[in-house]
Amino acid sequence: MGATRLIATVVLSLLLFLSGSSATQKKKTQGLPRQPCKRMVFYFHDILYNGQNAENATSAIVGAPAWGNRTILAGQNHFGNMVVFDDPITWDNDLHSNHVGRAQGFYLYDRKDYFTAWLGFSAFFNSTQHRGTITFAGADPLNKTRDISVIGGTGDFFMARGIATLMTDAVEGEVYFRLRVDTKLFECW
Amino acid sequence: MGATRLIATVVLSLLLFLSGSSATQKKKTQGLPRQPCKRMVFYFHDILYNGQNAENATSAIVGAPAWGNRTILAGQNHFGNMVVFDDPITWDNDLHSNHVGRAQGFYLYDRKDYFTAWLGFSAFFNSTQHRGTITFAGADPLNKTRDISVIGGTGDFFMARGIATLMTDAVEGEVYFRLRVDTKLFECW
Amino acid sequence: MGATRLIATVVLSLLLFLSGSSATQKKKTQGLPRQPCKRMVFYFHDILYNGQNAENATSAIVGAPAWGNRTILAGQNHFGNMVVFDDPITWDNDLHSNHVGRAQGFYLYDRKDYFTAWLGFSAFFNSTQHRGTITFAGADPLNKTRDISVIGGTGDFFMARGIATLMTDAVEGEVYFRLRVDTKLFECW
């Protein structure tokens, strides 16, 4: 009798445990607060080549529409400009802080009537603190904050997935901008 | 005696259940019909700038090979042309239907001897119905139907993964095409 | 008595089993050797258009910085050059072996002071052996070996994720290079 009741309890507990773990498996966390398994905030600094700053520039226009050129961003909200970059990463918002990594890839402006961009890039780390890459892609509507996708990672960030909340932290004319990247990983291996 | 038999039964059931759930975990569904956890069909409409349609164009050539220019698609199956776009999305195949989102990103033609393309873009939704982005990437052999990958999502499509079956639904010369995008997500959070 | 002890043993075993499977679920394999669920090594061969090899070229410069052009790779470590490619894939390191697929997409050079690249491409297979695509993206620091991300797949590689270890297997001036791609999938459906 006692044994049978014990079995019942045990089985019930196990089933409850299993149904919980099964929910995790299916990744249905709708309604639950989502906690990233890893979070990193960094800044990167983009200095666009404009014909006069070859020394300092970290990015360059490499594609332009028929009505544009590769020294000055095109009219119509830069629609059609594609920019390749290799920008220093810092932990805080100061360009002159320690450069802890590089943000490498491209962005393009894709809309005539107002600013929107599309980004594909990797954050590349090669220090004692972090070694590896995180790769990002997505549409950037250039709102105050906006989310793009973390689509992969290597090294310390092996198989990473998640989202990154971008915020333009500073803009100086058409030469400099600083982007705050709040990286939240939801798959960590 | 009865108790022992009961235990045996219970353990067997649990192990069967576990081996099933373990299979799901490892995502080995080989041979089983795969059901998307979310499915969305939409169309997007690409009107390529050709020097005369600045008003209506939603895309522009921004990269071209040495033998091409940025007003007319290059010879050799447009090999080397890169196009940036911000195209309206509709639920049906009518350009003049309600624009429910934007497809933003780029495509490039990557083969000399026949048409093939490579795409990187996001479907951007910002309505009461859907809010968020789905990001796509992949080779497009321009067959009747072809699959590309869903590599990430944000907002309502947080952490999305899956595939999208593309079909060119209409083509008008080198100015307009309409793409049907049957988006099937297999990871939904 | 015996029954109770049996229950204890069974429950303990199950919990151990469950905690193991739960760890897999959460993908915390830190410290464990990671075994890919699928592995494929292939080579692809890039012959860059240089104004004189239109017949054989499999890739072309389509974007260049203001100081460059689209026939010759730019100075400053080709910073700002974007190249579109459709390169044959072979199982071994011989360009003249059977072409078993195509590597299609783009790479760009993104740094002034030394060579670094960023890649987005798909390996496209359409034979009896393999049918489907694997899509790759990531920063390529052009070290001896370096890892990029596998961000998606279709067909036989449905929903693939993983990493690929790249090695430049041969370089001939600025016209030809051969890349060894050791593709390790850690998510297989």
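All values below come from the heavy atoms of this structure, side chains included, with hydrogens, waters and symmetry mates left out.
- Of residues 44-55 of chain C, those residues with a non-hydrogen atom less than 4.5 Å from any non-hydrogen atom of chain B are, in numerical order, C/Y49, C/A54, C/E55.
- With a 4.5 Å cut-off on non-hydrogen atoms, B/F106 touches chain C through its side chain but not through its backbone.
- Counting heavy atoms from C-beta on, the side chains of B/F157 and B/T135 never come closer than 4.5 Å.
- Counting heavy-atom pairs closer than 4.5 Å to chain C, the top residue among B/A137, B/G152, B/A139 is B/A139.
- The residue among B/G120, B/G162, B/A117 with the most heavy atom pairs within less than 4.5 Å of chain C is B/G162.
- The contact between C/I61 and chain B is made entirely by backbone atoms, counting heavy-atom distances below 4.5 Å.
- When the heavy atoms of residues 169-184 of chain C are compared with those of chain B, none of the residues falls under 4.5 Å.
- In this structure, chain C has a heavy atom under 4.5 Å from the backbone of B/I148, while its side chain stays farther away.
- B/T133 and B/S122 are not linked by any side-chain donor-acceptor pair at a separation below 3.5 angstrom, with hydrogens and angles left out of the test.
- Residues B/L166 and B/D140 have side chains in contact (heavy-atom distance under 4.5 Å, counting atoms from C-beta outward).
- For the residue pair C/D86/C/T58, the side-chain donor-acceptor check at 3.5 Å is not satisfied.
- Looking at B/T116 and B/R146, their side chains never bring a donor and an acceptor atom within 3.5 Å of each other.
- Considering CG of B/L185 and CE of B/M40, their distance stands at 8.5 Å, rounded to 0.5 Å.
- Side-chain N or O atoms of C/D110 include none that pairs as donor or acceptor with a backbone N or O of C/F79 at under 3.5 Å.
- In terms of modelled atom types and a separation under 3.5 Å, the side chain of C/N98 and the main chain of C/V100 share no donor-acceptor contact.
- For the pair B/R34 and C/F158, the distance from NZ or CZ to the six-membered ring centre is under 6.0 Å and the angle to the ring normal is within 45 degrees.
- Relative orientation of the B/H130 and B/W91 rings is perpendicular, given thresholds of 30° and 60° on the angle between their planes.
- Contact annotation for B/L108: only side-chain heavy atoms (C-beta onward) come within less than 4.5 Å of a heavy atom of chain C.
- Only the side chain of C/F124 comes within contact range of chain B, with heavy atoms under 4.5 Å apart.
- Counting only heavy atoms from C-beta outward, the side chains of B/M159 and B/E187 never approach each other to under 4.5 Å.
- For C/A160, the part lying near chain B is the backbone, with the side chain staying farther off; criterion is any non-hydrogen pair under 4.5 Å.
- A 4.5 Å side-chain heavy-atom check between C/Y109 and C/F115 finds at least one atom pair inside the cut-off.
- The backbone N or O of C/I151 lies less than 3.5 Å from no partner atom in the side chain of C/S149, so there is not a single donor-acceptor pair.
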